[in-house]
Structure formats: structure tokens, C-alpha cells
Chemist: 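First the structure, which I've put down as C-alpha cells, then a few questions once you've had a look.
Residue numbers start at 1 and run along the sequence shown.
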Amino acid sequence: MTATVLRGGDFHPDMPLHMVWLATDACTARCMHCSSNSAKRSPDELSTDEVFALIDQLAAVGVVDFGISGGEPLIRRDVFRIIDHAKSRGMSVGLASNGAKLPEEKAERLASFGLDRLQLSLDGPAEAHDRLRRWPGLFERVLKSVETADQAGLRVHICCTINRLNVDQLEAFTAFLSTLPVKRVNYSRFVPTGRGTDLLDISDRKWRKVIERLAGLRREYRGRLEIVSHLAQQVLVDDELEAMPAFIGCQAGRGQGCITANGSVLPCVLLPIPVGNVRDAAFETIWRTASLIRELQDRSNLEGRCGGCALRGRCGGCRAVAFAKAGRVFADDPRCWIAPKLAEVPGGECHA
């Protein structure tokens with residue numbers, strides 16, 4: 001696998017390094033913000049053999065990290081065999097679960113198959129989490145799953161989607177998580193797609209404060225709890241990220257991608273635009289020839305403020321937010337606070 005380096009630190013690999021596979025559309029929860037709109041199993045989901053072949057293709061083109069999500073992936077009876085197959089191809093493997101039920105036997109099996117991380121969802125304190133997930137008592141169930149996973153020797157991560165129900169409690173929630181046997185928390189950007197609507201979103205102005213707060217929390221908890229996010233504008237407020245030449249902000253169609261339960265290839269989990277299907281063509285062929293993937297890898301396609309910003313190679317805005325809000329993949333990310341007429345030429349300066 002080769003990589004391309006463009007002007008202004010705009011680095012991207014020819015093939016993605018991280019791929020998420022949505023193992024099933026079936027789920028035991030009906031979360032308000034579910035980007036996959038998961039509920040019942042689709043009749044055309046990839047078979048075990050098809051997933052094995054897919055993993056072989058991904059490994060061959062240089063994908064090093066394989067994330068298994070859904071839906072609820074633990075519903076699939078073949079998930080252990082699939083983890084084992086991906087591990088046998090040299091991949092790091094993570095699995096994301098809603099954490100509603102994790103028996104000791106299942107946690108021990110996940111550990112025995114070499115799962116590198118188990119990501120459980122907790123979207124804030126109990127009231128906010130249970131309301132967002134539409135499941136009274138789910139918060140306590142997840143805490144039990146955290147304990148069970150830790151006792152089995154699994155590395156536990158927490159995923160929290162920032163939204164209006166929890167945004168004012170991030171500091172207190174982070175302090176709570178730091179008392180649990182959790183290695184990392186991923187504060188995920190809410191995108192109004194799937195079942196998620198604008199009613200759960202916070203204002204564009206408030207997103208700037210959130211991004212600044214997350215940078216502060218990352219510094220505050222260093223050495224105790226890893227705090228990560230996928231907020232492209234983080235580079236505008238975090239000196240450590242700004243100093244990383246390979247940081248490229250939005251990864252859609254670049255360093256990562258997604259494959260749905262029935263084999264459709266997406267540029268990102270949160271960008272629901274199929275560019276092909278692995279039942280019709282090899283993954284490498286799809287990724288190399290799909291026009292949208294090619295366009296996402298060239299930031300000169302960005303429009304408006306994002307297109308004229310000196311930091312477009314380091315940030316690029318969130319293409320999923322742009323699509324959800326404006327209906328155009330390359331539109332402005334409305335959550336950015338950069339003044340519209342500044343930094344028209346790459347290499348200039350952006351000012352808040």
C-alpha cells in the first residue's frame with residue numbers, strides 16, 4: 001500500500017487503515033440517535049463465508065484495524081469465528097456493543113479469541129443514557145457489562161455520543177468514567193442521520209465550546225483515562241494535534257470507511273452514501289474507482305469556507321455533518337467558527 005502527501009500536510013493512504021463492518025441490522029435497543037436505524041435483521045446480510053472473504057480482501061489491501069459494530073453484533077452467532085478470522089489475518093479487532101447483556105462466558109470467549117477492545121455505549125449519566133436509548137435500567141446493565149468485561153481481561157472503551165441530553169454533564173460524566181475499569185472514552189460527534197434528528201443536536205455555536213472542553217479534558221485526564229474524539233475542528237484548539245503532521249481531520253473516504261450488513265461500502269459510518277457493494281466487485285476496485293471516494297481524497301473539492309480555509313488539509317470539516325445539514329457532501333461544516341472570508345489560499349492564516 002502506498003500513501004499520498006499533498007500540500008499543507010494533506011496526507012491520506014491509498015487504502016483505508018480502519019474499516020467498520022456493521023455486522024447486523026438487528027438490535028435489542030431502539031436508540032433515538034442510531035445512525036444505522038437498527039431494529040430487525042435484514043434478510044440479505046452477509047453470510048459467514050462472505051465476511052471471511054471480505055476480511056481477506058481488506059487485509060490484502062492494508063487495512064490494519066477492523067471494527068465490528070451494528071446493530072448489536074453480539075446477536076450474530078458467528079461473531080467469534082469472524083473475530084478469529086480477522087485476527088488470523090493480522091488485524092487489530094474491536095467490537096462495539098450496547099452493553100445490555102454480557103454473560104461471563106461470552107466475555108471470556110471474546111478474550112480467548114484475542115479481541116483487542118470492547119467498546120460499550122454510555123451516553124452520559126443514567127437518566128440521559130436511558131432516555132436516549134429508550135431503555136429504563138440500561139445504564140446499570142452497561143455498568144455490569146463493564147465489570148464483567150474487565151474481569152475477563154478485556155480492554156474496555158466507552159463510546160459517548162454528544163447531544164443535547166448530555167452536553168452539559170461532560171465534565172461530571174468524565175470524572176465518573178475515570179473511576180471505572182475503562183481505558184478510553186470516545187466522545188463521538190452527533191450527526192442527524194438514521195433515526196437521529198435535529199431535535200437532539202446542539203447549536204453550532206455550542207459545538208465550539210464542546211470542542212474546546214474536550215481538548216481540556218484530554219489534558220486533565222492524561223495518564224488516567226484516554227480521551228479521544230472524531231471532531232475535525234479539534235486541530236483548531238488542540239496544540240498537540242496541530243503539531244501532528246499526519247492529522248487530517250475528517251477521515252471519510254480517506255483513512256477509514258464502512259461496510260454495511262448487506263455489503264454496501266460507505267465512505268464513513270455516518271455518511272450513508274453507498275459507493276458500491278462487495279457482492280458486485282472487489283473492495284479494492286470499489287475504493288479505487290468510486291468517484292465519491294476519489295473526490296473525498298481531494299480537498300480542493302470542498303466548497304465555501306471549508307474550501308478556502310488554510311487548514312482544509314488538517315481539518316476538512318465533517319463531511320457527514322455537511323451532508324446531513326445541507327444535503328451536499330462538500331458543503332461547509334456549519335459547526336465551524338472560522339470567519340468565511342479568511343484564509344482563502346492554503347498556507348494563509350485562520351483566525352477564530
Chemist: Parallel, tilted or perpendicular, judged at 30° and 60°: which one describes the rings of Phe139 and His129?
Modeler: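 If you compare the ring of Phe139 with that of His129, the planes turn out perpendicular.
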Chemist: Might you point out which heavy atoms bring Val156 and Asp150 nearest each other, and give the distance in Å?
Modeler: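 Smallest interatomic distance, heavy atoms only, reads CG2-N, 4.1 Å.
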Chemist: Which heavy atom of Leu266 sits nearest a heavy atom of Trp287, and at what distance?
Modeler: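 Of all heavy-atom pairs spanning Leu266 and Trp287, the closest is O-CZ3, 4.2 Å.
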Chemist: List the atom of Val275, the atom of Ala290, and the distance in Å for their closest heavy-atom pair.
Modeler: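 So the minimum-distance heavy-atom pair works out to CB-CB, 3.7 Å.
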Chemist: Which residues pass the salt bridge (Lys or Arg N to Asp or Glu O under 4.0 Å) test with Glu104, not counting sequence neighbours?
Modeler: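 Scan of Glu104 (salt bridge (Lys or Arg N to Asp or Glu O under 4.0 Å), adjacent residues dropped) gives none.
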Chemist: Judged by modelled atom types alone, do Thr24 and Glu72 share a side-chain donor-acceptor pair under 3.5 Å?
Modeler: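 Distance-only check fails for Thr24 and Glu72.
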Chemist: Residues two or more places apart in sequence or in another chain: which of them pass salt bridge (Lys or Arg N to Asp or Glu O under 4.0 Å) with Arg279?
Modeler: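 Per chain and number, Arg279 pairs via salt bridge (Lys or Arg N to Asp or Glu O under 4.0 Å) with Glu50.
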Chemist: Hey, can you tell me if Phe173 and Tyr187 have their rings parallel, tilted or perpendicular (30° and 60° cut-offs)?
Modeler: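 Correct class here is perpendicular.
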Chemist: Testing the basics here: between Leu170 and Thr174, what is the closest heavy-atom pair and its distance to 0.1 Å?
Modeler: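 Closest heavy-atom pair between Leu170 and Thr174: O-OG1, 2.7 Å.
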Chemist: Rounded to the nearest 0.5 Å, how far apart are OG of Ser92 and CG of Asp65?
Modeler: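 Ser92 atom OG to Asp65 atom CG measures 4.5 Å (nearest 0.5 Å).
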Chemist: First locate atom CG of Leu132, then atom CG of Asn163, and finally report the distance between them rounded to the nearest 0.5 Å.
Modeler: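 If I round to the nearest 0.5 Å, the distance is 5.0 Å.
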Chemist: CD1 of Ile162 to OG of Ser188: how many Å apart, nearest 0.5 Å?
Modeler: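 Atom-to-atom, Ile162:CD1 and Ser188:OG are 7.5 Å apart.
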Chemist: Nearest 0.5 Å, what's the CZ-CG distance between Arg117 and Leu110?
Modeler: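 Spacing of CZ (Arg117) from CG (Leu110) equals 13.0 Å.
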Chemist: If you take all heavy atoms of Leu154 and Ala107, which pair is closest and at what distance?
Modeler: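 Heavy-atom minimum between the residues: CD1-O, 3.7 Å.
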Chemist: Going from CZ on Arg319 to SG on Cys306, what distance comes out if it is rounded to the nearest 0.5 angstrom?
Modeler: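 It comes to 4.5 Å.
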Chemist: Please name the pair of heavy atoms, one in Cys160 and one in Asn166, separated by the smallest distance, quoted to 0.1 Å.
Modeler: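 In this case the closest contact between Cys160 and Asn166 is SG-ND2, 3.7 Å.
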Chemist: Would you say Asn98 and Trp135 are linked by a side-chain donor-acceptor pair, where the criterion is simply a distance under 3.5 Å?
Modeler: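 No donor-acceptor contact under 3.5 Å links the two side chains.
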Chemist: Please report the interatomic distance CD1(Ile338) to CZ(Arg305), rounded to the nearest 0.5 Å.
Modeler: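 Here the interatomic distance stands at 8.5 Å.
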